[in-house]
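Since this is a predicted model, take the numbers as computed values, not measurements. Every chain is numbered from 1 and lettered A, B, ... according to where its sequence line falls, protein lines coming before strand lines.
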Amino acid sequence: MPELPEVETVVRGLKGVLPGRRIVEVRLGKTDFIEDPVALGQHLPGLQIASVRRMGKFIVLDLVGANGNAQEFTLLIHLGMTGQIVTCAPAAPIAPHTHAFFALDDGREMRYTDIRRFGQMRILTDAAREKALGKLGIDPLEGSRAEFIKSIGGRRRHVKALLLDQHVMRGMGNIYTDESLFRARIHPKRLGSNLSGDELQKLHKVVQAVLNEAIRLRGSSISDYVDSEGRRGEFQLRHRVYHREGKKCLRCGTTIRRAIVAGRSSYFCPSCQRAPRIRSRGRAIHKKS
DNA sequence: CTTACGGCCTGGGTGC
DNA sequence: TGCACCCAGGCCGTAA
């Protein structure tokens with residue numbers, strides 16, 4: 001599942017081949033994951049890719065007119081769960097579930113493959129881009145410690161829900177949230193506002209360390225994630241709790257457990273990550289029986 | 001206002 | 001061999 005480290009790895013790969021290239025042709029298969037496929041097909045051909053960026057889990061392609069045409073567009077791509085972007089020769093075999101082909105002026109091709117089509121593709125004007133990306137929360141690698149502490153520590157929500165919420169923090173997904181909480185020894189059901197100053201600082205440090213290590217290892221390949229050159233990542237070998245239900249905690253030997261928190265499967269060590277004592281906001285705690 | 005939660009989209013993997 | 005079911009991320013509607 002592409003989260004911040006996987007998207008960062010893909011973007012770094014694309015940065016080596018896309019900037020300066022002009023899109024000469026667009027071919028589409030299934031289009032239900034594209035916001036406006038007609039507009040995409042009309043506007044993209046002829047535009048030049050000025051830059052490739054990552055915003056949270058979004059891949060952002062900044063496009064400019066090639067012939068002094070000042071009209072600027074942005075192609076926004078979200079990989080969802082199973083999205084892949086690769087560049088290859090046009091003659092390369094076509095992977096199943098490949099739904100978009102972008103022919104480039106150097107004779108190569110960028111392809112979008114997505115088994116489940118939970119991904120998303122949108123072409124936006126500059127104004128619409130600000131609206132779409134402006135709601136995202138802080139980048140966990142770029143934001144200051146103070147910003148991090150403010151956005152987590154001031155909220156009465158499960159810390160897991162806060163880390164996963166793209167409007168609070170952009171880029172974290174289920175894997176890196178669970179791995180970070182384990183390393184910080186914080187239970188996913190703790191409330192942000194109940195974390196101590198030390199715990200918030202520790203969490204901030206650990207989130208950055210986990211993400212940076214995962215980027216160094218080119219992300220986690222759980223099922224089918226590959227980068228823009230088709231390579232798998234290796235951070236899955238460093239997972240300490242994610243998908244390890246029933247196995248022993250690598251730190252203390254306790255059995256790793258799974259629980260639904262924030263609507264997501266959450267893996268944690270019940271010894272290293274102590275559950276909060278109070279269950280939730282009690283309205284009718286003392287029920288007469 | 002804030003937060004919690006269920007449903008929806010899709011299709012590969014799993015288990016009977 | 002078939003097939004019902006689970007699950008994933010993001011978003012939206014609803015309820016408290």
Counting only side-chain N and O atoms of A:His78, is one of them less than 4.0 Å from OP1 or OP2 of C:dG10? yes

At under 4.0 Å, does any side-chain N or O of A:Arg117 touch on OP1 or OP2 of B:dG11? yes

N/O contacts under 3.5 Å, protein versus nucleotides 5-9 of chain B?
none

Just the atom pairs and distances: protein N or O near nucleotides 12-16 of chain B's N or O, under 3.5 Å.
residue: B:dG12; atom: OP1; partner: A:His97; partner atom: NE2; Å: 3.0
residue: B:dG12; atom: O4'; partner: A:Arg116; partner atom: NH2; Å: 2.8

Across all chains, not counting sequence neighbours, the salt bridge (charged side-chain N to carboxylate O under 4.0 Å, His left out) partners of A:Glu229 are none

Taking only the side-chain nitrogens and oxygens of A:Lys30, find out if one of them lies under 4.0 Å from OP1 or OP2 of B:dT10. no

Under 4.0 Å from OP1 or OP2 of B:dA4: is there any side-chain N or O of A:Arg157 that close? yes

Give a yes/no answer on whether the side chain of A:Arg264 brings an N or O atom under 4.0 Å of OP1 or OP2 in C:dA8. no

Residue set satisfying salt bridge (charged side-chain N to carboxylate O under 4.0 Å, His left out) with A:Arg244, at least two apart, ordered chain then number -> none

Results of salt bridge (charged side-chain N to carboxylate O under 4.0 Å, His left out) for A:Asp36 - residues two or more places apart only: none

Pairs of donor and acceptor atoms involving the side chains of residues 127-138 of chain A, under 3.5 Å and at least two apart or interchain, shall be tabulated with distances.
residue: A:Arg129; atom: NH1; partner: A:Asp62; partner atom: OD1; Å: 3.2
residue: A:Arg129; atom: NH1; partner: A:Thr74; partner atom: OG1; Å: 3.2

Cation over ring, A:Arg111 on A:Phe101, under 6.0 Å and within 45°? no

So what is the end-to-end bend of the helix from B:dT2-C:dA16 to B:dC16-C:dG2, with 5 pairs used at each end and the value given to 10 degrees? 50°

Who passes salt bridge (charged side-chain N to carboxylate O under 4.0 Å, His left out) against A:Arg231, sequence neighbours left out? A:Asp227

Which Ile, Leu, Val, Met, Phe, Trp or Tyr residues join A:Val86 in one cluster when any pair of side-chain heavy atoms under 4.5 Å counts as a link? none

Apply ring pair (Phe, Tyr, Trp, His ring centres under 6.0 Å) to A:His43 and list each qualifying residue two or more places apart in sequence or on a separate chain. A:Phe73

Could you name each residue pair satisfying salt bridge (charged side-chain N to carboxylate O under 4.0 Å, His left out) that touches residues 197-210 of chain A, not counting sequence neighbours? A:Arg190-A:Glu199

Between side-chain atoms of residues 263-274 of chain A and protein atoms elsewhere (two or more places apart, or another chain), which donor-acceptor pairs fall under 3.5 Å?
residue: A:Ser265; atom: OG; partner: A:Arg258; partner atom: NH1; Å: 2.5
residue: A:Ser266; atom: OG; partner: A:Lys160; partner atom: NZ; Å: 3.0
residue: A:Ser266; atom: OG; partner: A:Arg264; partner atom: O; Å: 3.0
residue: A:Tyr267; atom: OH; partner: A:His243; partner atom: ND1; Å: 3.2
residue: A:Ser271; atom: OG; partner: A:Thr254; partner atom: OG1; Å: 2.8
residue: A:Gln273; atom: OE1; partner: A:Cys269; partner atom: N; Å: 2.8
residue: A:Gln273; atom: NE2; partner: A:Leu181; partner atom: O; Å: 3.4
residue: A:Gln273; atom: NE2; partner: A:Ile186; partner atom: O; Å: 2.9
residue: A:Arg274; atom: NE; partner: A:Ser271; partner atom: O; Å: 3.4

